[in-house]
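Only one structure is covered here, and it is reproduced in the block below.
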Amino acid sequence: MTSRALVLGGGGLAGIAWETGLLAGLAAAGADVTGVDLALGTSAGSVVAAQVATGVPLDELLARQVDPSRQTHELAPTGTAHLELLEQLFGEDASADPAETRRQLGKLALAADTVPEADRRAVIAARLPVHEWPERPLSIVAVAAVTGEPVVFDRESGVPLIDAVAASCAVPCVWPPVTIGDTRYVDGGVRSANNIDLAAGYDRVLVLAPLADPVTATQIDALTAQGARVELIVPDEATTELFATDLLDPTIRTPAANAGLAQAKDAVAAVSRWLMP
């Protein structure tokens, strides 16, 4: 039997909205991919993965993005430090020593002056209509702030779902590192925007990647070499222009969700083939 994984990458509030619109548009066109064997989420993608895996209907998730009256309260960061960090993480000049980069970013994150951790946790809790881990396989990626070691949280980790998602979304120097036990964690995107390689072992892998990531091709090649069929969906030209503003601006949610909804029309043929036995 063919096994399938859905990989949802990071990209701030814009990424959450775009991925939600794309998934809703695909489902409306007859290519519902939410019934996969694994949902793997990083940063923004961890929010969408958790929402999907816990069974929240796509039409409800879409409404929570496009309808301002149903959008959750978000804390808007000040300044542009997060934009510079995103460039450092995923740009052409990314460090040749990823482990050291993770440790340095973790160190900066631990020293940064951000909103209180409890306030940020409340924001994440509001994003998730369901707060318990689902029975369906769900994996959420974060990084230990001090050691730079990545961790994959799942139902068996003994970590509350809200905390796992909050950790995966803890953009260094923008949001506070998340305390779980005696360890503090930062954004899973510090390792990779998408962490596609963590879907190893699945026959087919569908990747929604709001952000460009220099290791995407390498990670896909690794899965392909193992016999997997990988389908990658990235923002189209119109969405890319939209994303050039501020991925963490709450006002971007409605246009980003609509952009994903519109792009689904172009992606449905390839995804439908991916879904075939």
Side-chain angles (χ1 to χ4, degrees), residues 5-19 22-23 38-49 82-106 109 139-143 148-152 167-175 185-200 202 205-226 228-237 239-248 252 256 259-260 263 267 270:
L6 174 63
V7 176
L8 298 163
L13 293 176
I16 294 173
W18 177 74
E19 290 175 347
L22 191 55
L23 291 173
L38 170 70
L40 171 67
T42 298
S43 197
S46 73
V47 175
V48 182
H82 58 288
L83 301 179
E84 296 167 1
L85 276 166
L86 288 173
E87 178 61 28
Q88 181 178 356
L89 287 172
F90 310 121
E92 294 181 357
D93 296 328
S95 172
D97 184 354
E100 179 59 22
T101 295
R102 294 196 297 269
R103 288 189 291 271
Q104 289 301 317
L105 286 171
S139 294
I140 294 174
V141 187
V143 171
E149 290 300 312
V151 61
V152 180
S168 189
C169 294
V171 181
C173 300
V174 178
W175 307 123
Y185 294 92
V186 294
D187 199 304
V190 170
R191 177 185 186 267
S192 161
N194 308 302
N195 291 299
I196 302 167
D197 57 320
L198 298 182
Y202 288 83
V205 179
L206 175 63
V207 183
L208 308 190
L211 292 177
D213 185 343
V215 300
T216 291
T218 300
Q219 292 183 352
I220 290 177
D221 287 345
L223 293 188
T224 302
Q226 298 170 19
R229 176 178 172 184
V230 182
E231 188 71 38
L232 172 67
I233 301 178
V234 299
D236 58 17
E237 184 175 351
T239 306
T240 299
E241 292 180 3
L242 175 64
F243 283 10
T245 54
D246 185 350
L247 300 176
L248 301 182
I252 203 171
Q263 189 175 345

Could you tell me whether a side-chain N or O of [X] sits under 3.5 Å from a main-chain N or O of [Y], the two making a donor and an acceptor?
X: Ser168; Y: Ser43; answer: yes
X: Glu19; Y: Gly9; answer: yes
X: Thr42; Y: Asn195; answer: no

Decide whether Thr224 and Asp221 meet the rule of one side-chain donor and one side-chain acceptor closer than 3.5 Å. no
Applying side chain to side chain contact (heavy atoms under 4.5 Å, CB included), run through Val141 and Ser46 and close with a yes or a no. CA-CA 8 Å; Val141 187; Ser46 73; over 6 Å; no
Rounded at 0.5 Å granularity, tell me how far [atom1] in [X] sits from [atom2] in [Y].
X: Asp187; Y: Cys173; atom1: CG; atom2: SG; value: 11.5 Å
X: Trp18; Y: Ile233; atom1: CH2; atom2: CD1; value: 6.5 Å
X: Leu232; Y: Leu206; atom1: CG; atom2: CG; value: 8.5 Å
X: Leu223; Y: Thr218; atom1: CG; atom2: OG1; value: 11.0 Å
X: Asp246; Y: Leu13; atom1: CG; atom2: CG; value: 8.5 Å
X: Leu198; Y: Ile140; atom1: CG; atom2: CD1; value: 13.0 Å

Side chain to side chain contact (heavy atoms under 4.5 Å, CB included) between Val151 and Val143, worked out: CA-CA 6 Å; Val151 61; Val143 171; over 6 Å; no
[X] to [Y] - nearest heavy-atom pair and separation:
X: Gly11; Y: Ala44; result: N-CB, 3.5 Å
X: Tyr202; Y: Ala228; result: O-CB, 3.4 Å
X: Gln263; Y: Val234; result: NE2-O, 2.6 Å
X: Tyr185; Y: Ala170; result: O-CB, 3.9 Å
X: Asp213; Y: Ser192; result: OD2-OG, 2.9 Å
X: Ala193; Y: Leu211; result: CB-CB, 4.4 Å

Side chain to side chain contact (heavy atoms under 4.5 Å, CB included) for Leu208 and Val7? Distances and angles first, verdict last. CA-CA 6 Å; Leu208 308 190; Val7 176; over 6 Å; no
A side-chain contact here means heavy atoms from C-beta on lying under 4.5 Å apart; do Thr216 and Ile196 qualify? yes
For the residue pair Trp175 and Cys169, establish whether any side-chain heavy-atom pair is separated by less than 4.5 Å. no
Asp197 and Arg191 ion-paired at < 4.0 Å: yes
Could you walk me through whether Leu105 and Val186 satisfy the side chain to side chain contact (heavy atoms under 4.5 Å, CB included) test, starting with their C-alpha distance in whole Å, then the side-chain angles of each, then the deciding distance to 0.1 Å, before giving a yes or no? CA-CA 9 Å; Leu105 286 171; Val186 294; over 6 Å; no
When Asn194, Val48, Val207 are each screened for side-chain contact (heavy atoms from CB on, under 4.5 Å) with Leu8, the one that passes is Val48
